[in-house]
Amino acid sequence: MMKILSPGTLSPDAQWLQRLQHDDTEGLALLMDKYYRDLFHYASKFTRDEGLARDCIQEVFISLWERRKTATAILSPRHYLLRAIKNKVLKALYKKDRVPFDLPDEYDFFQEFNIEQVIIEKQLSEEKAQKLRQALSSLSKRQQEVIYLKFYQHLDHGQIAEQMDISRQSVYNLIHESLQKLRSVWATPTSLPL
Amino acid sequence: MRDYQSYTLTDLMLDEDFIRWVQEQRPADQAFWDEWLRAYPEKKPLVIEARRILESVDIQEKYIPKEEVQQETARLLKAIGAAPAQGLTPSITRPFLRRLWSAAAVIIIGVSAWLFLIKNTPKTRKTQAYAEQISTHRLIERINHGDKPDTAHLSDGSWIRIGPNSRIAYSIGFDTAAIREVYLSGEAFFQVAKSPHHPFHVITGEVTTVVLGTSFCIRSFEKDTTIQVTVRSGKVSVSGIILTPNQRLIYKKAAQSYQRLLLDHPVIVAPEITDQSMVYEETPVEQVFGQLSKAYGVFIVYDSELLHKCTVTADLKGESFYHKLDLICRAIGAEYEVIDGQVIIQSGGCR
């Protein structure tokens with residue numbers, strides 16, 4: 001009996017995109033509701049202007065609504081939206097209106113780590129704590145972005161490459177270098193291959 | 001199949017399954033990585049190191065209240081020319097009621113089902129995600145006011161026997177959600193349909209029990225000072241502690257401590273092993289323990305080097321689990337202890 005209530009076997013994302021395609025505004029509202037926080041957090045990495053971040057999110061969803069007839073072609077709304085918000089924010093910041101839009105070579109990435117929290121939770125010694133602070137602060141902006149997209153936005157290897165406009169090999173290298181810095185904190189007598 | 005043999009630290013860190021295991025601690029992942037480590041024991045230091053690194057990177061994110069999300073959603077709907085009241089925001093009363101009526105129409109009359117929203121105060125990143133999920137799911141509640149158990153059949157094929165004065169709640173799209181979540185207050189027995197990609201969670205106050213396909217019982221009345229989870233078959237994970245059949249976990253609310261016990265009367269859980277087959281003649285004790293362990297799903301820990309010469313001649317048919325253990329131990333001059341829900345055999349060996 002209850003089965004009647006379940007809308008089918010599609011993932012919620014896919015269902016919402018389908019509703020969007022059928023001009024159902026609730027599909028759009030549900031996507032917004034699910035992804036707003038992730039998009040805001042990602043947008044805040046590029047700008048400290050929260051008003052700008054909010055406006056860009058609005059624009060991203062308005063664009064999505066305008067292209068709703070082809071919405072079901074979007075395989076991963078998360079990836080689509082993250083890519084759109086990054087372009088939107090950087091475009092606004094660097095006033096580049098060229099199409100296609102190229103990512104600027106250098107752009108900010110404001111990221112704060114809960115270092116003290118980790119130190120308390122893991123009961124790190126003063127020496128290790130110092131090493132951790134040092135390792136995290138030595139990460140470059142692009143290394144931080146890779147880590148963020150991987151650990152926090154859960155994009156896959158290929159999606160990160162697309163998101164950052166770099167090759168898959170570069171993604172791998174950025175992760176590899178970041179890990180090299182971080183593993184020094186936990187350095188054990190037995191060295192392991194990276 | 002990925003080539004795990006040559007897996008490096010970087011490969012692990014790019015592996016979405018690995019990250020999910022560390023960050024979300026799902027039981028399906030736990031089982032996979034336990035198996036993985038058994039297959040590649042030499043990779044254990046690598047896994048430990050990767051976990052440490054992953055856990056040491058904690059990114060600070062601004063907390064965004066639900067009101068902001070609702071406000072921005074309303075703004076969006078206005079911008080595209082849709083009246084906000086027809087969407088889901090800012091007030092959720094309307095779809096909420098609509099769903100209530102459609103639900104009432106199909107749920108068999110006599111079942112007291114209604115919808116409500118669970119209040120949740122987000123604390124960490126994880127519970128925050130959970131709060132978000134709750135806010136988009138309307139829940140069906142089912143209460144057993146009677147003095148006999150009442151059975152609820154869920155859309156995924158699972159069923160729940162709800163004890164007297166107990167209640168459960170679950171969302172309408174329960175079986176299609178990434179995680180099948182059921183809230184429980186009181187006591188209930190769960191028979192969970194297997195669905196590896198949709199883990200089954202039972203949320204009882206501060207304790208969440210995570211299940212794959214299994215049957216188990218939870219007792220969590222608000223007036224009780226403990227929350228108890230007892231496993232009949234399969235495996236569940238409670239706050240990261242794995243419970244196997246015939247084990248019970250007791251969570252003491254005041255002390256916030258866990259204790260794992262073996263039941264007083266363990267039952268046979270492996271249907272392929274019958275009690276009748278437990279007759280042994282000069283049988284190596286390891287084989288006897290193996291069968292006992294499998295039959296009851298209980299871990300039996302012993303030193304196989306010490307015991308490899310021990311044999312057992314005994315008729316264990318119809319005896320209780322503990323009596324069987326007694327008889328075996330007597331036969332080989334050993335003693336047993338139950339620690340942390342497992343049986344530990346102590347013996348000086350046999351000649």
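Reminder, nothing fancy here: chain letters follow the sequence lines and each chain counts from 1.
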For the CG atom of L76(B) and the CG atom of D33(A), what is their distance to the nearest 0.5 Å?
11.5 Å
Polar side-chain atom of Y152(A) near backbone of I59(B) as donor-acceptor pair, under 3.5 Å:
yes
Distance col, row K150(A):NZ vs L54(B):CG, nearest 0.5 angstrom, shows 10.5 Å
Could you tell me the separation between the CD1 atom of I115(A) and the OG atom of S56(B), rounded to the nearest 0.5 Å?
9.5 Å
Determine, stepwise, if the pair H157(A) / E16(B) fulfils side-chain hydrogen bond (donor to acceptor under 3.5 Å, both in side chains).
CA-CA 9 Å; H157(A) 201 148; E16(B) 195 47 49; over 6 Å; no
Contacting moiety of E59(A), where chain B heavy atoms sit under 4.5 Å
neither
If the threshold is 4.0 Å, N to carboxylate O, is there a salt bridge linking E68(B) and R54(A)?
yes
R183(A) side chain to I53(B) main-chain N or O, any donor-acceptor pair under 3.5 Å?
no
Would you find a donor on one side and an acceptor on the other, under 3.5 Å apart, between the side chain of Q58(A) and the backbone of E72(B)?
yes
Which distance, rounded to the nearest 0.5 Å, do you find between the CG of L77(B) and the CG of L28(A)?
6.5 Å
Chi angles and distances behind the salt bridge (Lys or Arg N to Asp or Glu O under 4.0 Å) call for K45(A), E61(B):
CA-CA 10 Å; K45(A) 306 290 179 208; E61(B) 301 281 29; 3.2 Å; yes
Engaged part of I160(A) at the chain B interface, taking heavy atoms whose separation is under 4.5 Å
neither
With L14(B), which of D156(A), I175(A), V146(A) fulfils side chain to side chain contact (heavy atoms under 4.5 Å, CB included)?
I175(A)
Can you check whether Y36(A) reaches I64(B) side chain to side chain, under 4.5 Å on heavy atoms?
yes
Chain B contact via Q111(A) - side chain, backbone, both or neither, heavy atoms under 4.5 Å:
side chain
Contact between Y172(A) and D11(B) at the side-chain level, heavy atoms closer than 4.5 Å - yes or no?
yes
With a 4.5 Å heavy-atom cut-off, do R37(A) and K62(B) have their side chains touching?
no
More than 12 heavy atoms of other residues, nucleotides or ligands under 6.0 Å from NZ of K69(A): yes or no?
yes
If I measure from the heavy atoms of chain B, does L132(A) come under 4.5 Å with its side chain, its backbone, both, or neither?
side chain
Flag if over 12 foreign heavy atoms under 6.0 Å of CD, E112(A)
no
Name the region of D55(A), side chain, backbone, both or neither, that has any atom closer than 4.5 Å to a heavy atom of chain B.
both
Can you tell me how far NE2 of H41(A) sits from OH of Y63(B), rounded to the nearest 0.5 angstrom?
10.0 Å
Inter-residue atom distance L174(A).CG - T10(B).OG1, 0.5 Å rounding
11.5 Å
